[in-house]
*Asks:* 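Pasting in a structure now, in structure tokens, and then I'll have a few things to ask.
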Amino acid sequence: MEIGVPKESKDQEFRVGLSPSSVRVLTESGHRVFVETQAGNGAGFSDDDYRIVGAEIVPTQEVAWNRELVVKVKEPLVSEYNLLQKGQILFTYLHLAADRKLTEHLIDCGVTAIAYETVEQAGANRLPLLTPMSIIAGRLSVQFGARYLERQQGGRGVLLGGVPGVKAGKVVILGGGVVGTEAARIAVGMGAHVQILDVNVDRLSYLETLFGSRVELLYSNSAHIEAAVKEADLLIGAVLVLGRRAPILVPRELVAKMHPGSVIVDVAVDQGGCVETLHATSHTNPVYIESGVVHYGVPNMPGAVPWTATQALNNSTLPYVQQLANSGLQALEINPSLGKGVNVQNHRLVHPAVQEVFPDLVSS
Ligand SMILES: NC(=O)c1ccc[n+]([C@@H]2O[C@H](COP(=O)([O-])OP(=O)(O)OC[C@H]3O[C@@H](n4cnc5c(N)ncnc54)[C@H](O)[C@@H]3O)[C@@H](O)[C@H]2O)c1
């Protein structure tokens with residue numbers, strides 16, 4: 001099959017759909033991969049890195065898009081709409097529930113659009129193509145939090161790990177799922193005092209087997225949240241209620257009781273955030289101060305580490321890309337997990353969750 005890898009057009013998006021090592025796996029199986037020139041530059045992969053593994057470097061996005069299968073990272077932008085073609089397979093993050101215009105266009109143009117975030121399998125790792133980005137965002141949340149605690153960055157000047165004779169900083173994590181667990185892993189590694197609050201007692205038990213007594217595990221209710229947040233140097237929002245806006249767990253009045261210069265990193269900002277005073281920010285302007293507290297709310301945190309994020313994403317997407325390349329649309333039947341990822345096919349909106357958001361776009 002012919003596979004296209006266009007350069008991402010979104011502002012500050014440096015990830016790329018296929019890494020050179022993924023391209024090598026595909027070309028070794030006899031597929032042709034067309035990579036737009038400089039598509040991998042931002043992630044640290046040169047055109048030569050792709051040429052060596054058998055990719056064909058093409059000069060424009062039009063040539064890269066003109067393929068049976070297009071593999072990307074982010075959703076097509078309006079400027080790319082005219083590049084989509086009937087009968088083509090598009091495999092990328094789409095988040096259609098937040099984008100009516102794109103949903104309408106995908107229905108109109110006749111592509112088969114498969115969204116990474118809706119590829120679904122049974123078992124613990126239910127959304128396998130979302131998990132790698134949650135792992136990265138969780139780990140980054142402590143890295144960024146530690147940086148913004150520095151005095152020169154507006155923080156209160158606390159070293160999370162402390163030093164012998166001076167107590168460690170306190171990290172409070174709301175939500176002990178993938179993001180929360182990975183944040184705790186890094187915070188514990190730094191020597192911080194760590195608390196995780198979650199409403200799922202089974203998850204709290206699991207976290208106990210993972211961290212033992214190195215992390216304090218609390219049931220998430222308003223009393224525990226208030227006591228923990230008031231004393232936090234770094235507060236991390238990591239809650240998720242599937243398909244819903246994140247619940248506001250930290251009201252404005254509680255933020256006002258935090259130490260001046262403490263830091264909030266709300267990773268759940270992409271679902272509305274769990275801190276009342278937090279709004280979305282960007283990699284260009286990541287933080288602002290409100291009630292004396294540093295607020296960080298970047299919704300695409302993995303974009304800060306495109307070299308790692310591209311490879312982590314590829315480790316999870318490549319098996320599905322191989323199936324699509326080998327079997328075309330039949331792959332959707334061979335692998336039901338991939339089939340669940342289909343959002344739009346044959347001019348129809350087919351994903352149940354997106355149908356619920358746009359009932360008027362569902363054809364009878
Ligand atoms: N900003 C970014 O760049 C970025 C990147 C990846 C993920 N995210 C977001 O981070 C959030 C967390 O993702 P995840 O993969 O860890 O989800 P997850 O489902 O693995 O974990 C969410 C946890 O929140 C817990 N929870 C639900 N309600 C709670 C409450 N009232 N109090 C405490 N805990 C509660 C759940 O029990 C669960 O353990 C999501 O909104 C996700 O989209 C953001």
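Order of appearance sets the numbers: ligands from 1, and atoms from 1 within every ligand. Index from 1, following the sequence.
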*Asks:* Side chains of Val287 and Thr281, heavy atoms from C-beta outward: is any pair under 4.5 Å?
*Replies:*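 They are not in contact (no side-chain heavy atoms under 4.5 Å apart), so the answer is no.
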*Asks:* Counting each atom of ligand 1 from 1 as listed, which ones have a heavy atom of Met301 under 4.0 Å away?
*Replies:*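 With Met301 as reference, the close atoms of ligand 1 come out as 1 (N), 2 (C), 3 (O).
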*Asks:* Is Ser220 touching ligand 1 with its side chain, its backbone, both, or neither, if touching means heavy atoms under 4.0 Å apart?
*Replies:*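 Near ligand 1, Ser220 shows its side chain, while the N, CA, C and O stay back.
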*Asks:* Mind checking whether Ile136 contacts ligand 1 via backbone (N, CA, C, O), side chain (CB onward), both or neither, at a 4.0 Å heavy-atom cut-off?
*Replies:*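 Neither part.
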*Asks:* Pick one of side chain, backbone, both or neither for how Leu197 approaches ligand 1, counting any non-hydrogen atom pair under 4.0 Å.
*Replies:*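 Leu197 to ligand 1: backbone contact only, side chain stays beyond 4.0 Å.
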*Asks:* Of all the heavy atoms in Ala246, does at least one lie under 4.0 Å from an atom in ligand 1?
*Replies:*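 No, Ala246 has no heavy atom closer than 4.0 Å to ligand 1.
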*Asks:* How does Val298 reach ligand 1, if at all, at less than 4.0 Å between non-hydrogen atoms: by side chain, backbone, both, or neither?
*Replies:*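 Just the backbone.
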*Asks:* Taking 4.0 Å as the limit for heavy-atom contacts, which would you say applies to Ala137 with ligand 1: side chain only, backbone only, both, or neither?
*Replies:*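 Just the side chain.
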*Asks:* Any nitrogen or oxygen of Met133, main chain or side chain, under 3.5 Å from a nitrogen or oxygen of ligand 1?
*Replies:*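 In fact, backbone or side chain, Met133 has no N or O that close.
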*Asks:* Specify the closest pair of heavy atoms between Gly17 and Val73, including all atoms of both residues, with the distance to one decimal.
*Replies:*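 So the minimum-distance heavy-atom pair works out to N-CG2, 3.6 Å.
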*Asks:* Does Asp270 approach ligand 1 within less than 4.0 angstrom via side chain, backbone, both or neither, non-hydrogen atoms only?
*Replies:*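 Only the side chain of Asp270 comes within reach of ligand 1.
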*Asks:* Any nitrogen or oxygen of Asp198, side chain or backbone, less than 3.5 Å from one on ligand 1?
*Replies:*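 Between Asp198 and ligand 1 (N or O atoms, distance only) the closest approach is under 3.5 Å.
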*Asks:* So, regarding Leu174 and ligand 1 (criterion: nitrogen or oxygen to nitrogen or oxygen, under 3.5 Å), is there a contact or not?
*Replies:*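 No.
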*Asks:* Using only heavy-atom distances, determine whether the side chains of Ser9 and Glu80 contain a donor-acceptor pair under 3.5 Å.
*Replies:*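 Their side chains do contain a donor-acceptor pair, which is all the 3.5 Å distance test asks for.
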*Asks:* Assess, by modelled atom type and distance only, whether the side chains of Gln38 and Asp47 contain a donor and an acceptor separated by less than 3.5 Å.
*Replies:*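 No, because no side-chain N or O of Gln38 sits under 3.5 Å from a partner of the opposite role on Asp47.
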*Asks:* Evaluating non-hydrogen atoms only, which member of Leu140, Leu127, Val179 is closest to atom 13 (O) of ligand 1?
*Replies:*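 Answer by nearest heavy atom: Val179.
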*Asks:* Counting from 1, what ligand 1 atoms have a heavy atom of Gln271 closer than 4.0 Å?
*Replies:*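 That gives atoms 41 (O) of ligand 1.
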*Asks:* Do Leu218 and Leu249 belong to the same hydrophobic cluster, where Ile, Leu, Val, Met, Phe, Trp and Tyr are linked whenever their side-chain heavy atoms lie under 4.5 Å apart, directly or via other members?
*Replies:*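 Yes, because Leu218 and Leu249 connect within a single hydrophobic cluster, where side-chain heavy atoms sit under 4.5 Å apart.
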*Asks:* Please tell me whether Asn326 and His31 have a donor and an acceptor in their side chains that are separated by less than 3.5 angstrom.
*Replies:*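 Yes - a donor-acceptor pair under 3.5 Å links their side chains.
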*Asks:* Is Val178 close to ligand 1, meaning an N/O of one under 3.5 Å from an N/O of the other?
*Replies:*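 In this structure, Val178 places an N or O atom under 3.5 Å from an N or O of ligand 1.
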*Asks:* Quick test of your reading of the model: are Lys86 and Asp108 salt-bridged, counting only N-O distances below 4.0 Å?
*Replies:*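 Asp108 and Lys86: not salt-bridged.
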*Asks:* If we only count N/O pairs under 3.5 Å, is Pro299 in contact with ligand 1?
*Replies:*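 Yes.
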*Asks:* Indicate yes or no: does an N/O atom of Leu240 lie under 3.5 Å from an N/O atom of ligand 1?
*Replies:*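 Looking only at distances, the answer is yes, because the N/O contact criterion of under 3.5 Å is met.
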*Asks:* Classify the side-chain pair Ser22/Asn314 by whether it contains a donor and acceptor separated by less than 3.5 Å.
*Replies:*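 Present: a donor and an acceptor within the cut-off.
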*Asks:* Can you find a pair of side-chain heavy atoms, one from Cys274 and one from Asp266, that are under 4.5 Å apart?
*Replies:*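 Yes - at least one pair of side-chain heavy atoms lies under 4.5 Å apart.
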*Asks:* Give, for atom OH of Tyr148 and atom NE2 of His295, the distance between the pair rounded to the nearest 0.5 Å.
*Replies:*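 Spacing of OH (Tyr148) from NE2 (His295) equals 14.0 Å.
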*Asks:* Any atoms of ligand 1 less than 4.0 Å from a non-hydrogen atom of Ser134? List them with their elements.
*Replies:*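 Here the atoms of ligand 1 in question are 6 (C), 7 (C), 13 (O), 14 (P), 15 (O).
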